[in-house]
Student: 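I am attaching a structure below and will ask some questions about it afterwards.
Heavy atoms only: backbone and side chains are in, while hydrogens, waters and symmetry mates are out.
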Amino acid sequence: MIDWIPIVFVTLKVLVLGTGMFFAIKWHYDQGKKGKEKRAVLRASGKVAAVFMLSLLGLGLATFVLARMLGLDLTFP
């Protein structure tokens with residue numbers, strides 16, 4: 001019985017996330033067809049991607065600094 005739990009949960013997760021992504025893409029596509037310029041959509045997505053990358057870089061830097069302050073060994077073998 002316990003062997004089926006990961007299979008059920010992973011399947012449910014894939015179905016829910018897949019459905020959500022489908023409707024999100026469909027909604028954005030429909031919004032783009034309403035008359036908005038495609039350049040505005042591309043510009044906004046570029047800004048979101050840039051903010052995501054900067055926050056990812058900041059999080060990595062903060063993690064590295066915290067690890068150094070705690071005295072963790074960060075050298076590769």
Student: Enumerate, atom names and distances included, each donor-acceptor pair closer than 3.5 Å involving a side-chain atom of residues 53-72, sequence neighbours excluded.
Tutor:
| unit_1 | atom_1 | unit_2 | atom_2 | d |
| --- | --- | --- | --- | --- |
| Ser55 | OG | Val51 | O | 3.2 |
| Ser55 | OG | Phe52 | O | 2.8 |
| Thr63 | OG1 | Leu59 | O | 2.7 |

Student: Identify which one of Ile7, Val14, Val8 satisfies the side chain to side chain contact (heavy atoms under 4.5 Å, CB included) criterion when paired with Thr11.
Tutor: Ile7
Student: Using the test salt bridge (Lys or Arg N to Asp or Glu O under 4.0 Å), find all partners of Lys13 that sit at least two apart in sequence or belong to another chain.
Tutor: none
Student: When rounded to the nearest 0.5 angstrom, what distance separates CG in Leu12 from CG in Leu17?
Tutor: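 If we round to the nearest 0.5 Å, Leu12:CG and Leu17:CG are 9.0 Å apart.
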